[in-house]
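Structure, as structure tokens:
Just follow the structure's listing: the first ligand is 1, and inside any ligand the first atom is 1. Values below: every heavy atom of this structure, side chains too, minus hydrogens, waters and symmetry copies. Nothing fancy with the numbering, it's 1 onward along the sequence.
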Amino acid sequence: MSKNYQKETICVQSGWQPKKGEPRVLPIYQSTTFKYETSEQMGKLFDLEESGYFYTRLQNPTNDYVAQKICELEGGVAAMLTSSGQAANYYAVFNICEAGSHVVLSSTVYGGTFNLLTVTMKKMGIECTVVDPDASVEELNKAFRDNTRCVLAETVANPALVVLDIEKFAKVAHDHQVPLIIDNTFATPINCNPFEWGADIVTHSTTKYMDGHAMAVGGAIVDSGNFDWSKYPDKFPGLCEPDDSYHGVTYVEKFGKGAYITKATVQLMRDLGSIQSPQNAFLLNVGLETLPLRMERHCANALQVAEYLENHEKVSWVNYPGLKSSKYYELAQKYMPKGTCGVISFGLKGGRSAAESMMDKLELAAIVTHVADARTCVLHPASHTHRQMTDEQLKEAGVAPDLIRFSVGIENVNDIIADLEHALSFV
Ligand SMILES: *Cc1c(COP(=O)(O)O)cnc(C)c1O
């Protein structure tokens, strides 16, 4: 939108702008393909000479209106939707890496991202060095190599809830002439805009708070437009040298600040095809409309639940960056003064077995793999999402064997606390 609206307004008003007689609500362009009048018109699209829709694997209007809204919320220059958060992180990295490249990865990233980088992308010849998100600048510097192409970390780590010192990471990445990619899923653009602190690319699993209703898996990538790829043509040949698969187009020359997202769309989407369905983008857009309201409630409820747990005699520890006792309280205040997220982690004095039996007694809070939606839910990462990890890897990821991940919803907080009270009475 042209006006400088606040985020609450962007969430409701941005993206689809109906003209006279058009639908008030964003239409679902449920079509694989788009019609043209001449063969030449179509040819120009394929040569990237003109922009326009032709096949939904590359771009779809419903998706693009929603991507535009997310782009505005993050303060970026270009954005795209992907089929999942996994696809978003994969494309964000693979767009600037190839066999022989190297990535610096925060150890506390989401388990799926950790596996993607350390196992699957390794098979593609992309190495990575795992760093402690709390490491000093000197320690971080040691992780970089000549072939390092990016740094990847999360604003608030899932499920370790480590708050990243984004400025520190951005500076280190830039000192080594590479971009910082931030997965901003847990904070959402409502609570943090990593671009304001020097991050270059932001990714999202829109499956979480953005959708907010656990209805659709999805992802997004946003480019700040701030990283000058053309300064380092040797590091980023894919953006700075001609692409033979498009008759020699050079992305940084032809698309300027749109180079990174254009390349990810016309090359990675074309060849790998992890598009979000327009149906899901429509649901995501509905979710986005209430994101600010929900985040406010998630954060308020989570703080109350965290305080309740902290004072409970059967609870051995609570980790929530909004608690004054948290090691990350100061960083959270700096980067997310409005609150971090609705997710809390805690452990019981009875350890892992007490955690498992307590969870079985919860009634309102459901045991699901999902996290970060309107309904309160709970998970034991060591036996569920992170069960493929060794004890050593769990420790590095900040996931204690007794860690319970409790995702506080937007229900009445007294009901959530009563549910915990009841379940804790059994251990
Ligand atoms: C869930 C999650 C992902 C993966 O997203 P999917 O949509 O499940 O593919 C990536 N990063 C973070 C921080 C997540 O919480």
Side-chain angles (χ1 to χ4, degrees), residues 63 66-67 70 74 80-94 103 105-121 133 151-164 166 169 180-192 194 199 201-222 272-277 280-281 283-284 287-288 291 295 298 302 321 335-336 340-345 368-373 377-379 381 384-386 388-389 397-399 403 405-408:
N63 293 19
V66 182
I70 294 173
E74 285 291 10
M80 67 196 282
L81 299 187
T82 57
S83 57
S84 66
Q86 284 301 106
N89 282 320
Y90 173 38
Y91 283 17
V93 172
F94 196 56
V103 176
L105 177 71
S106 165
S107 63
T108 55
V109 291
Y110 171 71
T113 311
F114 191 86
N115 209 58
L116 169 69
L117 269 294
T118 61
V119 180
T120 300
M121 290 184 80
V151 179
L152 175 61
E154 291 170 9
T155 316
V156 182
N158 172 13
L161 302 175
V162 168
V163 176
L164 193 78
I166 303 174
F169 267 70
L180 173 63
I181 304 175
I182 292 287
D183 182 331
N184 198 31
T185 298
F186 266 25
T188 81
I190 303 307
N191 286 342
C192 183
I201 309 288
V202 157
T203 59
H204 283 281
S205 165
T206 61
T207 318
K208 315 294 166 52
Y209 290 117
M210 282 190 173
D211 167 313
H213 302 77
M215 295 187 297
V217 173
I221 309 173
V222 191
L272 301 171
S274 310
I275 192 78
Q276 185 165 132
S277 87
N280 284 359
L283 293 172
L284 170 58
L288 285 169
L291 182 65
M295 288 315 290
H298 278 295
Y335 291 108
M336 291 161 277
T340 50
C341 63
V343 183
I344 293 171
S345 62
V368 296
T369 304
H370 200 250
V371 63
D373 77 81
C377 60
V378 65
L379 182 91
H384 306 142
T385 44
H386 288 61
Q388 76 280 10
M389 285 194 174
V399 181
L403 182 151
R405 184 180 75 183
F406 197 78
S407 176
V408 182

(request) Compare Y209, Y90, Y110 and give the one whose heavy atom is closest to atom 3 (C) of ligand 1. (result) Y110
(request) Within a distance under 4.0 Å of any heavy atom of T207, pick out the atoms of ligand 1 and give their elements. (result) 6 (P), 7 (O)
(request) Measure the shortest side-chain to side-chain distance between D211 and T206 over non-hydrogen atoms and say whether it is less than 4.5 angstrom. (result) no
(message) Can you report which non-hydrogen protein atom sits closest to atom 11 (N) of ligand 1, along with the distance?
(response) D183 OD2, 2.7 Å
(request) To the nearest 0.5 angstrom, please state how far the CG atom of N63 sits from the CG atom of L284. (result) 9.0 Å
(request) Determine, considering heavy atoms only, which of K208, H370, E154 sits nearest to atom 15 (O) of ligand 1. (result) K208
(message) Under 4.0 Å from a heavy atom of T185: which atoms of ligand 1 are those, numbered in the order shown and with their elements?
(response) 12 (C), 13 (C), 15 (O)
(message) Below 3.5 Å, N or O to N or O, backbone or side chain included: is there any such pair between G85 and ligand 1?
(response) yes
(message) Tell me whether G218 reaches ligand 1 (any heavy atom closer than 4.0 angstrom to a ligand atom).
(response) yes
(request) Identify, by atom number and element, the atoms of ligand 1 in contact range of N158, meaning under 4.0 Å from any of its heavy atoms. (result) 14 (C), 15 (O)
(request) For atom 8 (O) of ligand 1, find the nearest protein heavy atom and state the residue, atom name and distance (0.1 Å precision). (result) S205 OG, 4.1 Å
(request) Taking the side chain as every heavy atom from C-beta outward, state whether F94 and L272 have any pair of such atoms under 4.5 Å apart. (result) yes
(message) Within ligand 1, which atoms have a heavy atom of Q86 less than 4.0 Å away?
(response) 4 (C), 5 (O), 6 (P), 9 (O)
(request) Decide yes or no for R405 and N158: does some side-chain heavy atom of the first lie under 4.5 Å from some side-chain heavy atom of the second? (result) yes
(message) Would the distance check show the side chain of Y335 and the main-chain N or O of I166 forming a donor-acceptor pair, the cut-off being under 3.5 Å?
(response) yes
(request) Could you tell me whether a side-chain N or O of S83 sits under 3.5 Å from a main-chain N or O of Q276, the two making a donor and an acceptor? (result) no
(message) Tell me whether H213 contacts the main-chain N or O of L283 through its side chain, where contact means a donor paired with an acceptor under 3.5 Å.
(response) no
